[in-house]
Undergrad: 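Here it is, the structure, as structure tokens.
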Amino acid sequence: MVSVTRAAFGELPTGLGTVERFRLRSEQLRVDLLSWGCAVAALEAPDRRGSAADVVLGFAGLEGYLQKQPYFGAVVGRVANRIAKGTFTLDGKEYRLAINREPNSLHGGLRGFDKVLWTPQVLPNGVQFSRVSPDGEEGYPGELKVWVTYTLDGGELVINYRAQASQATPVNLTNHSYFNLAGQGSPNIYDHEVTIQADEFLPVDETLIPTGVIAPVQGTAFDLRKPVELGKHLQEFGIDGFDHNFCLQRSKDRHFCARVHHAGSGRVLEVYTTQPGVQFYTGNFLDGTLKGKDGAVYPKHSGFCLETQNWPNAVNEPHFPSVLLRPGEEYNHTTWLVFSVA
Ligand code: BGC
């Protein structure tokens, strides 16, 4: 049984409307969703003794979400991650996007899908958010109709993304939740054991754009096919965290992506998806300056993201999985976040 309740969360500046909060509850989980950016604002999951903690980073009120902040819990689009120099050529025409992370366009531009109010519709076991991204928004071609549906089923939160375009356009949607399975506000994620089912990853240049090489993980710090304890692993390889795309199975069937286990609490998060990639980001740019829920501060490495998505900069790399959506086609992807204890 899932219940859904709805309440006002905050008022946008004059005339822009009210942001609502939707609370989904199952026997195992409690999830708060906002109509601002389709954000997951809270996610309470039990530990092995049955005691619940909120395992996503976020803010207590709307002001937190409206300030400059790194996409906490939000849906990002029209194209998640980076497009090199914010430019691409499609059907012979060159497009220039907003550059918001020099010298590239990141997560949809200056005002991406995370910075807009979506239209909610309550479902028996979740919420569907929709919006129309206008032709030319942040420089992207054509109008795009988008539906993001969150549903809850026991310990499983399912996120489905659908889109239809009036003109050919790149589309890449993901959710940017930062997790800490010890409970949000815990100082780091070094005691989390991580497994990612990827034989290959994408090396990046100094601006975090993939070089174009699809590299085997074998014998590198990127081999996470067997569980590694994150802190020890980073130390062993002398690296400062992950911010990389791992290449998953390319089929559009549901496949296993990743598993994260926090031994202390017993909490486990397993991720399944229809997407060909996942950006594993260890919160490298968090710096402890944001004021989070319950007085939390979020230092570097205090949360991790598993952003299931198409490969970064795919629009400029013909040998990457296609990121283009054409009129008459439907973009349809699903990611399953499965919580349990072990
Ligand atoms: C990117 C990071 C970026 C973060 C927050 C991630 O998806 O890969 O480089 O800093 O989002 O903006």
Side-chain angles (χ1 to χ4, degrees), residues 37-40 56-59 64-86 97-115 138 159 161 170-180 184 189 194 196 198 201-211 222 224 234 239-248 257-258 260 271 273 275-290 292 298-317 320 323 333 335 337:
C38 290
V40 176
V56 293
L57 281 51
F59 304 104
Y65 288 92
L66 299 180
Q67 72 186 323
K68 188 172 180 323
Q69 51 95 2
Y71 307 87
F72 279 1
V75 163
V76 292
R78 189 179 293 198
V79 174
N81 211 276
R82 290 174 175 80
I83 293 181
K85 308 217 161 54
L97 308 171
I99 306 293
N100 59 324
R101 190 67 68 91
E102 283 290 341
N104 304 314
S105 183
L106 174 69
H107 293 332
L110 292 167
R111 187 163 182 261
F113 290 8
D114 59 298
K115 295 179 188 66
E138 299 295 312
I159 317 177
Y161 307 85
V171 179
N172 187 23
L173 305 174
T174 190
N175 177 278
H176 208 300
S177 288
Y178 290 69
F179 298 96
N180 187 320
Q184 70 91 26
I189 49 169
V194 180
I196 299 182
F201 77 105
L202 301 180
V204 292
D205 69 14
E206 63 288 348
T207 75
L208 297 177
I209 293 289
T211 59
F222 299 87
L224 305 178
L234 295 178
I239 52 171
D240 200 29
F242 289 97
D243 191 356
H244 293 81
N245 180 81
F246 287 74
C247 308
L248 306 173
C257 163
V260 184
V271 180
T273 188
Q275 293 277 14
V278 64
Q279 184 80 9
F280 179 42
Y281 173 55
T282 48
N284 310 341
F285 297 115
L286 294 173
D287 62 5
T289 54
L290 294 166
Y298 302 125
K300 182 173 176 179
H301 297 162
S302 60
F304 68 91
C305 304
L306 284 164
E307 302 156 62
T308 49
Q309 57 182 26
N310 203 322
W311 303 2
N313 198 33
V315 73
N316 290 310
E317 296 285 4
F320 285 6
V323 70
H333 277 287
T335 291
L337 303 175

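Both counts, for ligands and for their atoms, begin at 1 and track the order of listing.
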Undergrad: Mind checking what makes ring-ring contact (aromatic ring centres under 6.0 Å, His included) contact with His244, not counting sequence neighbours?
TA: Phe222
Undergrad: Centre-to-centre under 6.0 Å for Tyr178 and Phe72, is that the case here?
TA: yes
Undergrad: Please give the N or O to N or O pairs under 3.5 Å between ligand 1 and the protein, distances rounded to 0.1 Å.
TA:
unit_1	atom_1	unit_2	atom_2	d
ligand 1	7 (O)	His107	NE2	3.0
ligand 1	7 (O)	His176	NE2	3.2
ligand 1	7 (O)	Glu307	OE1	2.6
ligand 1	7 (O)	Glu307	OE2	3.0
ligand 1	8 (O)	Asn81	ND2	3.3
ligand 1	8 (O)	Asp243	OD1	2.5
ligand 1	8 (O)	Gln279	NE2	3.2
ligand 1	9 (O)	Arg82	NH1	3.0
ligand 1	9 (O)	Arg82	NH2	2.9
ligand 1	9 (O)	Asp243	OD1	3.4
ligand 1	9 (O)	Asp243	OD2	2.5
ligand 1	11 (O)	His107	NE2	3.0
ligand 1	11 (O)	His176	NE2	2.7
ligand 1	12 (O)	Arg101	NH2	3.4

Undergrad: Applying side-chain contact (heavy atoms from CB on, under 4.5 Å), can you list everything that pairs with Gln67, at least two apart in sequence or on another chain?
TA: Phe59, Gln69, Leu290
Undergrad: What pairs with Leu110 under side-chain contact (heavy atoms from CB on, under 4.5 Å), at least two apart in sequence or on another chain?
TA: Ala98, Asn100, Glu138
Undergrad: Are any side-chain N or O atoms of His333 and backbone N or O atoms of Tyr161, one a donor and one an acceptor, separated by less than 3.5 Å?
TA: no
Undergrad: Among side-chain atoms of Gln275 and Asn310, is any donor-acceptor pair under 3.5 angstrom?
TA: no
